[in-house]
Amino acid sequence: MGETTMRERMLAGELYIADDPELARDADRARTLSHRLNSLDPCDDAARHALLTELLGAFGADSNIRPPFHCDYGYQTFIGARTFANFGLVCLDVATVTIGDDVNIGPNVQLLTPTHPVAAGPRREKWEAALPITIGDNVWLGGGVIVLPGVTIGENTVVGAGAVVTRDLPANVVAVGNPARVIRQVEP
């Protein structure tokens, strides 16, 4: 059996080195499609939807992302139906990013799956990994929210503007702050 490629290691959630020709080709594809998306006439909804459908792993019916939008690979991001992302979404999709149906994402939100070793040696050698992010149905992420690797946010949860989500949030809550903490329950 042959040696595992860096792309295969990345997709399996293992440590890998991103400076790899196969991953560079995937990243170039995402940058090219993102550039085209971000350069479109802002009123050309059909072209934007077509590009997002080509770029992403899934892009649900009646969903909308307002440019600019940036991602690492695109094919690792899955967006459900009727989801809206305002200007400036950054989706570092080294691991999968799954966004449910009817999600509202404020401006300048960052969904960050990559992790790096704490030890200086492996980090200097460019090893990294990633943990998936899952955003449940009907979640609202306020402007400037940052979601860190490995986080799951339960359905109907609201995350206040500027919050940094460092760990899982349950369904049906409001969370705010850095790190984000639950301040109250909401009716589903």
Side-chain angles (χ1 to χ4, degrees), residues 1-39 51-59 65 67-79 85 87-100 103 105-136 139 141-154 159 162-169 175 177-181:
M1 191 180 288
E3 191 174 311
T4 305
T5 68
M6 289 298 165
R7 184 176 192 273
E8 291 168 336
R9 291 176 64 99
M10 180 191 85
L11 293 173
E14 300 171 4
L15 282 170
Y16 74 100
I17 296 176
D19 294 342
D20 172 78
E22 187 176 20
L23 289 173
R25 185 179 62 248
D26 289 351
D28 288 347
R29 172 193 170 273
R31 280 196 305 275
T32 297
L33 291 172
S34 296
H35 175 73
R36 287 175 44 202
L37 173 74
N38 295 332
S39 300
L51 278 170
L52 286 164
T53 300
E54 182 179 353
L55 173 62
L56 302 178
F59 189 62
I65 297 176
F69 170 73
H70 300 282
C71 63
D72 280 322
Y73 298 106
Y75 57 74
Q76 291 270 80
T77 297
F78 302 86
I79 297 177
F87 306 107
L89 176 60
V90 173
C91 188
L92 300 187
D93 59 349
V94 175
T96 57
V97 173
T98 305
I99 300 170
V103 174
I105 299 174
N108 299 313
V109 166
Q110 299 177 50
L111 306 175
L112 312 174
T113 69
T115 64
H116 301 276
V118 174
R123 195 171 61 247
R124 190 173 34 253
E125 294 168 2
K126 307 295 185 207
W127 288 99
E128 61 182 82
L131 296 169
I133 291 174
T134 302
I135 311 294
V139 166
L141 302 178
V145 166
I146 299 172
V147 180
L148 296 185
V151 167
T152 295
I153 299 175
V159 181
V164 178
V165 187
T166 61
R167 60 181 172 210
D168 292 354
L169 294 174
N178 180 4
R181 66 191 185 292

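Counting non-hydrogen atoms of other residues, nucleotides and ligands closer than 6.0 Å to CZ of Arg167 gives a total of 12 or fewer.
Between atom CG of residue Asp28 and atom CZ of residue Arg31 there is a gap of 4.5 Å, rounded to the nearest 0.5 Å. Residue Ile17 holds its CD1 atom at 14.0 Å from CE of Met10, rounded to the nearest 0.5 Å. Note that OG1 of Thr53 and CG of Leu33 are 11.5 Å apart. Values are rounded to the nearest 0.5 Å. With rounding to the nearest 0.5 angstrom, the CG atom of Leu52 is 4.5 Å from the CZ atom of Phe59. With values rounded to the nearest 0.5 angstrom, Met6 atom CE is found 9.5 Å from Leu15 atom CG. Of the inter-residue distances, the one linking Leu141 atom CG with Ile105 atom CD1 reads 5.5 Å to the nearest 0.5 angstrom.
In this structure, Thr77 and Cys91 approach most closely via the heavy-atom pair OG1-SG, 3.3 Å. Residues Leu23 and Tyr73 approach most closely at O-CE2, 3.5 Å, considering heavy atoms. Heavy atoms only, all atoms of each residue included: Gly13 and Ala129 are closest at O-CB, 4.5 Å. A pairwise comparison of heavy atoms in Thr113 and Pro149 identifies O-CB, 3.3 Å as the closest pair. Considering every non-hydrogen atom in both Val139 and Gly154, the closest pair reads CG2-O, 3.2 Å. Scanning all heavy atoms of the two residues, the minimum distance from Asp72 to Ala30 falls at O-CB, 3.4 Å.
Between the side chain of Asp168 and the main chain of Ile153, no donor-acceptor pair closer than 3.5 Å is present. Side-chain atoms of Asp93 do not come within 3.5 Å of backbone N or O of Ala95 as any donor-acceptor pair. Formation of a donor-acceptor pair under 3.5 Å by the Asn178 side chain with backbone atoms of Val164 is not found in this model. At distances below 3.5 Å, not a single donor-acceptor pair connects side-chain atoms of Arg181 with backbone N or O atoms of Ala175. Not a single donor-acceptor pair under 3.5 Å links the side chain of Arg123 to the backbone N or O of His116. The backbone N or O of Ile146 lies less than 3.5 Å from no partner atom in the side chain of Gln110, so there is not a single donor-acceptor pair. Between the side chain of Thr134 and the backbone N or O of Thr152, no donor-acceptor pair lies under 3.5 Å. When atom types are taken as modelled, the side chain of Thr4 and the backbone of Arg9 share no donor-acceptor pair closer than 3.5 angstrom.
Using a 4.0 Å cut-off between a side-chain N of Lys or Arg and a carboxylate O of Asp or Glu, Asp26 and Arg7 qualify as a salt bridge.
Counting heavy atoms from C-beta on, the side chains of Phe87 and Ile65 never come closer than 4.5 Å. At least one side-chain heavy atom of Leu89 sits under 4.5 Å from a side-chain heavy atom of Leu111. A heavy-atom distance below 4.5 Å is not found between the side chains of Tyr75 and Leu55. Counting only heavy atoms from C-beta outward, the side chains of Val90 and Val109 never approach each other to under 4.5 Å. Contact annotation: the side chain of Leu112 never approaches that of Val147 to less than 4.5 Å [non-hydrogen atoms, C-beta and beyond]. Residues Phe78 and Thr96 form a side-chain contact, since some pair of their non-hydrogen atoms from C-beta on lies under 4.5 Å apart. Annotation: side chain of Val159 is in contact with side chain of Leu169 (closest heavy-atom distance under 4.5 Å). Counting heavy atoms from C-beta on, the side chains of Thr5 and Glu8 come closer than 4.5 Å.
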For Thr98 and Ile135, what are the C-alpha separation, side-chain angles and deciding distance, and is it a side chain to side chain contact (heavy atoms under 4.5 Å, CB included)? CA-CA 6 Å; Thr98 305; Ile135 311 294; over 6 Å; no
Side chain to side chain contact (heavy atoms under 4.5 Å, CB included) between Val151 and Thr166: does it pass, once the steps are laid out? CA-CA 7 Å; Val151 167; Thr166 61; 5.9 Å; no
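Residues forming a side chain to side chain donor-acceptor pair (under 3.5 Å) with Glu128 (at least two apart in sequence, or on another chain): Tyr16.
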